[in-house]
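Just below is one structure, and these are the notes that go with it.
Chain naming here is simple, since letters A, B, ... match the order of the sequence lines and numbering starts at 1 in each.
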Amino acid sequence: MDPDERAMFEKAISALVARYDGQVPSEALDDIGWLDILAEDPTVGVPAVFHAQGRAVAWSPALHDVMGAALPEVGHDAPLRASSVVVPVPRSELPGRRSGRGVIVDGLLLGARPTTEWLLVAGAHTDGRMAVFRIAAGDADLIPRRGLDPAVGVQQVTAHARAPTVLADGDAARSWWTTTVAIARRALSHQLCGVLATMLDSARAHAVERHQFGRPIGSFQAVRHKLAEAHAALAGAEATADMVWESDEVGLASMTAKIAASRARATVAAHTQQVLAGVGFTASHPYHHALKRAVLIDRILGDAADLTPEVGRELVSRGDAPRLVEL
Amino acid sequence: LQHHLGEAASLVEPGNTTSLALLGHAYVEVMAFRARSRVTQRHVAAGDLRGAESSIDKVLIASADQAVFDTCRLALPGLVELEDSDRADRFRKEWLYSRAATIYGGTSEIQRDIIAAQLLHLPRGT
């Protein structure tokens, strides 16, 4: 995709997201060619879609599409839109585990997708080897989790399926799961950066408009430095999220992007909420939607606290700090 | 920075979770700086010089520099403070010098002033 086409797609997705109030349906994404771009040029399509929905504090089934993209590799040939990949609950690596001939599932679905017929579950056999299980959606209990940000439509998935299909085992299962988690982490990093940019815009506007002691509060150095720090942290996280698409070190690069976004989340949230002061705590200002969305996205598939030691372990096992990409 | 971090990674005990978290933290700081300088290099290559934007790079490199040598000091307990080997001398000098990363080339306060005024366009006081 050349730079002009890319700019056009980015414009189309931003306009599309703005037309819906928080939830963008699959059909609307398809109208601008999302699935084609996901298949042909994910390095352009995924950042554009996820950044735009972050910016607008919107959600869509795009994460299901991204996580389902590699399913044909494990021999699952049902339509993409009929299949949803179950995400692990926080601080847990896999949503499934073998129990006798069945599988016990404890995980999450992020965002409603009414067309789901199949649930795909990464899990472990009793001997620790990985497996990819497929169960019918009707065999699972899907419980809505309102939580901090009900607008996303999170569902908790619990099941004890007696006769799951085992789509893949061992290395094949691990390879699929690594690929799937890595692309989801990259997508969420872009989305989180988009939300943070919106939070920073809110705080910046407030710092210009709000006066104290006869001056805009944005003229006080205490405020200026907070927002400058937030801006630098976000710029670093955005650049990292963009860079990791060019890395062959898929797993390490994706963790790096998610940690950078998570750390920027901590800095941007703390400083923008402090600058917004009272209005940052009221429901009459839209800021709280963005704050809640950022915290939720941060939590999914590992935040900085979860992933930082993992990255350290990776470096120690290699005895080196890989470059990820050559400049 | 990458070289020193790699050396630290080769010396850390795999079972020391505190050190693993420190290493991971410094690594992400270095990668964020690399990612950012990659963006800047592309602008420069395209003849698109953006003076104030480089203040972001400066804030990030200072933070990466200090994170790496803090990690070397903390993840390799006693090396900087107590040991007399050549390696310890090297890490000691680097750690001490990294304290100046937020000072030389325009202090981090100056960089933040530039970002606030020229990138965020915050109003100046009267």
Side-chain angles (χ1 to χ4, degrees), chain A residues 200 203-204 207-208 214-221 223-244 246-247 252-253 255-260 262-264 304-305 307-325 327, chain B residues 1-41 53 55-60 63-64 68 71 75 108-109 111-117 119-126:
Chain A
L200 190 53
R204 197 202 147 270
V208 172
R215 297 159 53 178
I217 60 167
S219 68
F220 292 103
Q221 199 170 50
V223 169
R224 296 166 79 83
H225 282 196
K226 278 189 164 51
L227 295 185
E229 221 170 276
H231 183 71
L234 176 56
E238 282 175 336
T240 309
D242 286 336
M243 178 177 78
V244 298
E246 286 171 33
S247 180
L252 180 62
M255 284 196 282
T256 300
K258 190 72 167 50
I259 295 169
S262 175
R263 291 179 43 79
L307 299 178
T308 305
E310 289 303 311
V311 166
R313 190 166 292 122
E314 188 72 36
L315 302 190
V316 170
S317 76
R318 297 167 187 229
D320 189 25
R323 288 176 186 280
L324 296 185
V325 299
L327 295 185
Chain B
L1 288 183
Q2 201 119 22
H3 168 77
H4 285 101
L5 198 57
E7 190 174 352
S10 71
L11 298 171
V12 161
E13 297 287 334
N16 185 334
T17 46
T18 309
S19 297
L20 294 180
L22 288 162
L23 268 181
H25 170 76
Y27 181 74
V28 173
E29 295 277 314
V30 174
M31 287 305 124
F33 169 66
R34 271 177 70 85
R36 175 67 200 181
S37 45
R38 177 172 154 277
V39 173
T40 304
Q41 282 178 20
E53 291 273 339
S55 289
I56 293 175
D57 302 40
K58 186 62 183 43
V59 167
L60 297 178
S63 143
V68 166
T71 289
S108 53
E109 285 76 15
Q111 307 304 339
R112 284 174 175 81
D113 280 341
I114 295 171
I115 294 170
L119 300 179
L120 296 173
H121 306 291
L122 292 174
R124 291 203 184 276
T126 46

Legend entry - Region of D57(B) that comes under 4.5 Å of a non-hydrogen atom in chain A: neither

Legend entry - Close side-chain approach of L315(A) and D320(A), heavy atoms under 4.5 Å: no

Legend entry - Atom group of L22(B) that falls short of 4.5 Å from chain A, counting heavy atoms: neither

Inset, instruction - Between chain B and each of L327(A), T256(A), V311(A), count heavy-atom pairs under 4.5 Å; write down the option with the most. - result: L327(A)

Legend entry - Residues forming a side chain to side chain donor-acceptor pair (under 3.5 Å) with R38(B), sequence neighbours excluded: E246(A)

Inset, instruction - Give the member of K226(A), E314(A), R263(A) that has the highest number of heavy-atom pairs under 4.5 Å with chain B. - result: R263(A)

Legend entry - Interface moiety of H3(B) toward chain A, non-hydrogen atoms closer than 4.5 Å: neither

Legend entry - Heavy-atom pairs under 4.5 Å with chain B, option from A253(A), A235(A), A232(A) with the top count: A232(A)

Legend entry - chain B interface, residue from A237(A), P322(A), S317(A) that has the most non-hydrogen pairs under 4.5 Å: P322(A)

Inset, instruction - Only one of H225(A), Q221(A), E229(A) passes side chain to side chain donor-acceptor pair (under 3.5 Å) with R112(B); say which it is. - result: E229(A)

Inset, instruction - Please examine the side chains of V12(B) and R313(A), heavy atoms only from C-beta on, and report whether any two atoms are closer than 4.5 Å. - result: no

Inset, instruction - Give, as side chain, backbone, both or neither, the part of Q41(B) having an atom under 4.5 angstrom from any heavy atom of chain A. - result: side chain

Inset, instruction - Identify which part of L252(A) has an atom lying under 4.5 Å from any heavy atom of chain B, answering side chain, backbone, both or neither. - result: side chain

Inset, instruction - Verify the neighbour count for atom CD of E109(B): are there more than 12 heavy atoms of other residues, nucleotides or ligands below 6.0 Å? - result: yes

Inset, instruction - Against chain A, label S37(B) side chain, backbone, both or neither, depending on which of its atoms sit under 4.5 Å from a heavy atom there. - result: side chain

Legend entry - When P14(B), A9(B), S19(B) are compared by non-hydrogen pairs under 4.5 Å with chain A, the top option: A9(B)

Legend entry - Test: E53(B) and R36(B) ion pair at under 4.0 Å: yes

Inset, instruction - Can you tell which part of A117(B) gets under 4.5 Å to a heavy atom of chain A, answering side chain, backbone, both or neither? - result: both

Legend entry - Region of L120(B) that comes under 4.5 Å of a non-hydrogen atom in chain A: both

Legend entry - Smallest separation among heavy atoms of P216(A) and A207(A), with atom names: CB-O, 3.8 Å

Legend entry - R224(A) side chain to P123(B) backbone, donor-acceptor under 3.5 Å: yes

Inset, instruction - Check whether E29(B) gets within reach of chain A through its side chain, its backbone, both or neither, counting any heavy atom under 4.5 Å. - result: side chain

Legend entry - Qualifying residues under side chain to side chain donor-acceptor pair (under 3.5 Å), relative to E7(B), sequence neighbours excluded: R87(B), R90(B)

